[in-house]
Every structure is written in C-alpha cells, then in structure tokens.
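Each remark here refers to the structure printed beneath this line.
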Amino acid sequence: MKNLRLILLSVLGLSTIIIVCNGQEITNLVNLDHHCFRCLCHAATKCNLTIGCVAGYCGPFKISRVYWKDAGEVILPDDEKERAGAYEDCAISFVCAKRIVTNYFIKYGRDCNGDGVTNCHDYSMINFNGGYQCSPPLNRNEPGKAWLERYSACNPH
Ligand SMILES: *[C@@H]1O[C@H](CO)[C@@H](O)[C@H](O)[C@H]1NC(C)=O
C-alpha cells in the first residue's frame, strides 16, 4: 500500500473519493452504495442477471451502447474496446456493469429532482431519462411509472 493516495475532489457538486493504489483506481461516489446499485438494477430489470440483451439494452441495468460509449467504454479485464461484443459482455456482467454505471454518474451525476442532494433517487432518474436531461419526473409516462414503482419498492422516498 505504499502508493496509496487519497484525493478528495468536488466535481459538479459531487463529492468523489478516488483511491489510487498501485495504479488501480477505485472510485466511489457518495450515495452510490451497494443498496443503490441493487435498486437501480431492480428498477431496470428486477435485477435479472441472465436477461442478456433485449431490444438494444443489455444486462441487469439495461445499458445501451450509447450509454456505454458515454461512460467511456468500460470493458472486462484484458478485453479490447474495439472487439465486437466488448460492450455486451461488460454490460451483462453485474460487476463490469457497475463500473459502467459508476463512470456514467461521475460524468452526469447531479441533483435531478432539485431537493438539494445528489443521491440514489437522482441516479434512478438519470438511468431512466439519460444524463443530458434527467429532471423530468419519472411518472409522466407508463414505462417511467413502472420504473419508479420498482425503484420505490426497493428504495422508498
Ligand atoms: C431473466 O430473463 C430471462 C431472459 O429473458 C428469463 O428467461 C428469466 O425467466 C428471467 N429471470 C427471472 C428471475 O425473471
């Protein structure tokens, strides 16, 4: 642990803790904990780990290729971004998909619902609405209502 450095950053109002340990980066966003990940995948697919790719969305978090690209093309260890299947194989792996989602929130995470904090409720809105325009309420259409219902059952407001 001789190369352990602790760097505190404030990016777009988000507190990010980056621990660099022997060249490996582990990034933790405040309020993006294990429970939040479970609720985000529950909202998307009821956390179905074997769902595969359906209609352009892959894995338990329903990650699209555009989302994956926006998140910096995270891949499985020793894979290559250019390889056909690199996106799909990462997105259908729970552990790899969590890295995609984390990167996406580092880029787009913000207080979508305007309640003064950036937390899992906002991350849920970002994953449904997309990072560019996360503010519209989820209950404005049927897929959004169903998403919110699953999310709220897992993480009540
Ligand atoms: C997960 O998705 C697969 C593929 O659609 C389906 O066959 C399976 O029944 C689902 N599992 C659960 C627990 O819903």
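What you see is a predicted model, and the numbers here were worked out from it, not measured in a lab. Each ligand, and each atom within it, is numbered from 1 in the order the structure gives.
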Study note, to complete from the structure: re atom 5 (O) of ligand 1, the protein heavy-atom contact at minimum distance is Ile51 CG1, 4.3 Å

Revision key, fill the gap. re atom 8 (C) of ligand 1, the protein heavy-atom contact at minimum distance is Asn48 ND2, 3.7 Å

Review point. Can you find a protein heavy atom under 4.0 Å from atom 11 (N) of ligand 1?
Key: yes

**Study point:** Any non-hydrogen protein atom less than 4.0 Å away from atom 2 (O) of ligand 1
**Key:** yes

Can a side-chain donor-acceptor contact be found between [Y] and [X] if the only test is distance below 3.5 angstrom?
| X | Y | answer |
| --- | --- | --- |
| Asn127 | Tyr104 | no |
| Asp122 | Ser124 | no |
| Asn155 | Tyr151 | yes |

Exercise for review: Number the atoms of ligand 1 from 1 as they appear, then name those within less than 4.0 Å of a heavy atom of Thr50, with their elements.
Suggested key: 1 (C)

**Study point:** Interatomic spacing from SG in Cys53 to OH in Tyr87 - rounded to 0.5 Å
**Key:** 5.5 Å

Practice item. Flag yes if Val54 and Leu49 sit in one hydrophobic cluster, no otherwise; membership is Ile, Leu, Val, Met, Phe, Trp, Tyr, and two members link when side-chain heavy atoms are under 4.5 Å apart. Key: no

